[in-house]
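Below is one structure, written out as structure tokens; comments come after it.
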Amino acid sequence: MAAESIRVLLRVRVLRPSSWSARHFSITRQLQQENNKWHTLPPFSPTPTSLNASSSASTTALKWVLRCCPHLPKPLVHKLFRLRQVRRSSSPSIIKRVAAKDTLSSGDTIFLPLSVKHIPTEKKLHSDLTPHQIQFVRSLILHKDPSVLILNKPPGMPVQGGINIKWSLDVLAAACLNFEYPDSPRLVHRLDRDCSGILVMGRTQTSATILHSIFKEKTATASDDIGAENRILQRRYIALVIGCPRRPRGLITASLGKVVIDNGKSDRITIVDNSSLLSSQHAVTEYRVIGSSSHGYTWLELYPLTGRKHQLRVHCAEVLGTPIVGDYKYGWQAHKKFGHCNLSNVEDSSEELCKEEILPFGLTLNKGSISERSPRLHLHCKQIVLPNIYRALQDVRSPHYDLNQVGALTLAAPLPPYMQRSWDITDS
């Protein structure tokens with residue numbers, strides 16, 4: 001009995017190191033496979049400060065990524081952090097998500113998605129563009145002065161670069177809309193990828209800073225703008241929705257919050273009932289019915305007094321109960337119940353509409369009206385009124401200069417062809 005116990009004990013002692021070795025090998029192999037999915041940056045190494053050589057200068061994860069990857073567009077880097085796609089390793093066996101403002105310790109390693117290695121630089125992108133592509137991008141310009149560049153963004157074109165996005169307006173503008181300026185045009189606000197219409201960019205650092213502050217202040221002081229006629233910034237959207245609001249016009253005040261889904265790969269905006277939550281954002285939208293049809297559609301004018309992500313789409317879908325046509329993210333159930341209207345009598349009214357024009361960057365503008373089985377997003381930034389920044393910079397004489405004292409720029413962008421076709425079908 002004792003001999004048998006000794007043999008069992010020896011067997012355990014012999015197998016235990018082998019088991020540990022197998023487990024260690026498994027962990028090592030798992031980490032190697034995980035690292036193959038990421039682009040690894042050099043380990044963070046703090047440098048002594050100039051004031052005190054004995055102390056070390058710390059830095060944030062965002063600053064370290066920008067320092068190690070100067071070729072990556074800053075908006076893209078911010079987007080990676082916002083979508084929680086950046087990782088940090090403080091020890092060989094632990095890899096965790098890291099926020100942009102997190103402070104790094106000596107030896108910390110940052111991991112980015114592997115696809116960032118394939119993002120072209122601005123110079124390489126410009127050399128890859130054909131004359132036809134450059135001409136197309138420049139044809140989007142609605143207004144250009146020494147301070148401001150205003151484009152008519154086509155639907156389907158991302159405003160900001162990102163993972164697996166080769167063409168975006170910020171990168172294309174940097175490649176072919178400089179017009180001999182040393183700085184590339186800068187984004188000062190956003191439009192959804194499938195949304196179309198007016199997009200404002202600053203041509204210099206100064207003008208971009210002023211424009212960004214105007215858009216930011218508009219959101220912060222939205223409550224003061226309710227009912228005001230002379231707003232410093234005004235935007236008018238046209239949207240086609242399913243159904244009809246109960247009232248022909250009104251004011252929507254509903255806070256929004258973000259929910260991260262798909263393991264951090266995407267997010268969804270929703271109405272937040274408790275506006276006191278830190279994660280909620282105050283959002284205000286004015287709307288007005290401008291036309292309806294017997295097919296069950298309604299055309300709306302939307303005036304966002306704040307600039308929140310997906311604000312108009314969520315307010316239409318969750319507050320008014322009338323999701324925007326083609327918005328399958330926030331109105332999938334409504335599209336499923338609504339079905340597809342029988343519009344065969346107008347579908348073949350023009351053979352030219354069936355011939356899709358070949359546009360650069362894989363864009364299509366003719367297909368997607370309500371006469372088709374899967375209509376595209378019907379949301380278009382039609383008009384904008386904003387201060388004449390160039391004149392303001394020419395006339396400014398004090399740091400407290402009032403932008404209301406300068407003239408305003410008023411610009412309008414035509415509907416994309418598929419939205420214009422839906423407009424004609426509904427006889428609005």
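Numbers for residues simply follow the sequence, beginning at 1.
For the pair Leu377 and Val325, the minimum side-chain heavy-atom distance is 4.5 Å or more. Between His78 and Leu62 the shortest side-chain heavy-atom distance falls below 4.5 Å. Inter-residue side-chain proximity for Leu363 and Trp167 is flagged as unmet; no heavy-atom pair is nearer than 4.5 Å. In this structure, the side chains of Pro375 and Ser369 stay at 4.5 Å or more apart for every pair of heavy atoms. The shortest distance between side-chain heavy atoms of Arg421 and Ser371 falls below 4.5 Å. Between Leu83 and Lys79 there is a side-chain heavy-atom pair separated by less than 4.5 Å. Side-chain contact between Val200 and Leu211: present, with at least one pair of heavy atoms (C-beta onward) separated by less than 4.5 Å. The side-chain heavy atoms of Tyr328 and Ser374, taken from C-beta on, include a pair separated by under 4.5 Å.
Annotation: ring-ring contact (aromatic ring centres under 6.0 Å, His included) contacts of Phe81 (sequence neighbours excluded): none. In terms of the ring-ring contact (aromatic ring centres under 6.0 Å, His included) criterion, Phe179 has no residue partners (sequence neighbours excluded). For Ile271, the side-chain contact (heavy atoms from CB on, under 4.5 Å) criterion is met by Ala254, Leu256, Asp273, Val314, His315, Glu318, Val319, not counting sequence neighbours.
Exactly one residue among Arg288, Arg235, Lys382 makes a salt bridge (charged side-chain N to carboxylate O under 4.0 Å, His left out) with Glu301. That residue is Arg288.
Annotation: the span from Leu300 atom CG to Leu379 atom CG amounts to 10.5 Å, rounded to 0.5 Å. With rounding to the nearest 0.5 Å, the separation of OG in Ser207 from CG in Leu393 is 7.0 Å. Once rounded to the nearest 0.5 Å, the distance linking CG of Leu191 with CD1 of Ile198 reads 9.0 Å. To the nearest 0.5 Å, the span separating CG on Leu305 from NZ on Lys218 amounts to 5.0 Å. How far SG of Cys381 is from CG of Leu312: 9.0 Å, rounded to the nearest 0.5 Å. Distance check, rounded to the nearest 0.5 Å: CD1 of Ile238 to CD of Gln383 gives 9.0 Å.
Residue Lys63 qualifies as open at atom NZ: its count of foreign heavy atoms under 6.0 Å is 12 or below.
Minimum heavy-atom separation, Ala61 to Val98: CB-CG2, 3.8 Å. Between Tyr418 and Arg376, the closest heavy-atom pair is CE1-CB, 3.8 Å. Heavy atoms only, all atoms of each residue included: Arg67 and Thr59 are closest at NH2-OG1, 3.9 Å. Shortest non-hydrogen contact noted between Gly243 and Thr322 is C-CG2, 3.9 Å. A pairwise comparison of heavy atoms in Ala413 and Gly197 identifies CB-CA, 4.4 Å as the closest pair. Residues Ser422 and His378 come closest through the heavy atom pair OG-NE2, 2.8 Å.
A donor-acceptor contact shorter than 3.5 Å links the side chain of His335 to the backbone of Gly326. With hydrogens and angles disregarded, a donor-acceptor distance shorter than 3.5 Å links the side chain of Gln311 to the backbone of Arg308. Judged by distance alone, with hydrogens and angles left aside, the side-chain atoms of Thr219 form a donor-acceptor pair with the main-chain N or O of Gly307 at under 3.5 Å. When atom types are taken as modelled, the side chain of Arg313 and the backbone of Asp327 share no donor-acceptor pair closer than 3.5 angstrom. Trp38 contributes no side-chain N or O that, together with a main-chain N or O of Val86, makes up a donor-acceptor pair within less than 3.5 Å. Under a 3.5 Å cut-off, the side chain of Arg373 and the backbone N or O of Ile370 do not form any donor-acceptor pair. Side-chain atoms of Arg268 come within 3.5 Å of backbone N or O of Lys329 as a donor-acceptor pair.
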Could you walk me through whether Met419 and Leu240 pass the side chain to side chain contact (heavy atoms under 4.5 Å, CB included) test, one step at a time?
-> CA-CA 9 Å; Met419 279 190 69; Leu240 181 64; 5.6 Å; no
side-chain hydrogen bond (donor to acceptor under 3.5 Å, both in side chains) assessment of Thr204 paired with Thr206 | CA-CA 5 Å; Thr204 65; Thr206 301; 4.8 Å; no
Residues Thr364, Leu359; criterion side chain to side chain contact (heavy atoms under 4.5 Å, CB included); working and verdict | CA-CA 7 Å; Thr364 57; Leu359 296 177; over 6 Å; no
Apply side chain to side chain contact (heavy atoms under 4.5 Å, CB included) to the pair Lys96 and Arg88, showing each step before the final yes or no.
-> CA-CA 5 Å; Lys96 295 183 177 180; Arg88 173 175 64 179; 6.0 Å; no
Could you give me the CA-CA distance, side-chain angles and deciding distance for Tyr303 and Val284, then say whether side chain to side chain contact (heavy atoms under 4.5 Å, CB included) is met?
-> CA-CA 9 Å; Tyr303 300 87; Val284 184; over 6 Å; no
Using the side-chain hydrogen bond (donor to acceptor under 3.5 Å, both in side chains) rule, take Trp299 and Thr426 through it: C-alpha gap first, then chi angles, then the decisive distance, then the call.
-> CA-CA 9 Å; Trp299 287 97; Thr426 55; 2.8 Å; yes
Given the rule in the salt bridge (charged side-chain N to carboxylate O under 4.0 Å, His left out) test, do Lys367 and Glu372 qualify, once you have shown the distances and angles that lead to the verdict?
-> CA-CA 8 Å; Lys367 294 183 178 180; Glu372 301 180 39; over 6 Å; no
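Ring-centre distance between His380 and Tyr237: not below the 6.0 Å cut-off.
A cation-pi arrangement is found for Arg203 relative to Tyr181, the charged atom lying closer than 6.0 Å to the ring centre and inside a 45° cone about the ring normal.
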Side-chain polar contacts of residues 105-113 - donor-acceptor pairs under 3.5 angstrom, sequence neighbours left out - could you list them?
residue : atom : partner : partner atom : Å
Asp108  : OD1  : Ser90   : OG           : 3.4
Asp108  : OD2  : Ser105  : N            : 2.9

Please tabulate, for side-chain N and O atoms in residues 139-155, each donor-acceptor pair with protein atoms closer than 3.5 Å (sequence neighbours left out).
residue : atom : partner : partner atom : Å
Ser139  : OG   : Phe136  : O            : 2.5
His143  : NE2  : Asp145  : OD2          : 2.9
Asp145  : OD1  : Ser147  : N            : 2.7
Asp145  : OD1  : Val148  : N            : 2.7
Lys153  : NZ   : Met157  : O            : 3.0
Lys153  : NZ   : Asp192  : O            : 3.4
Lys153  : NZ   : Arg193  : O            : 2.8
Lys153  : NZ   : Cys195  : O            : 2.6

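The salt bridge (Lys or Arg N to Asp or Glu O under 4.0 Å) analysis of residues 243-253, with sequence neighbours excluded, yields no pairs.
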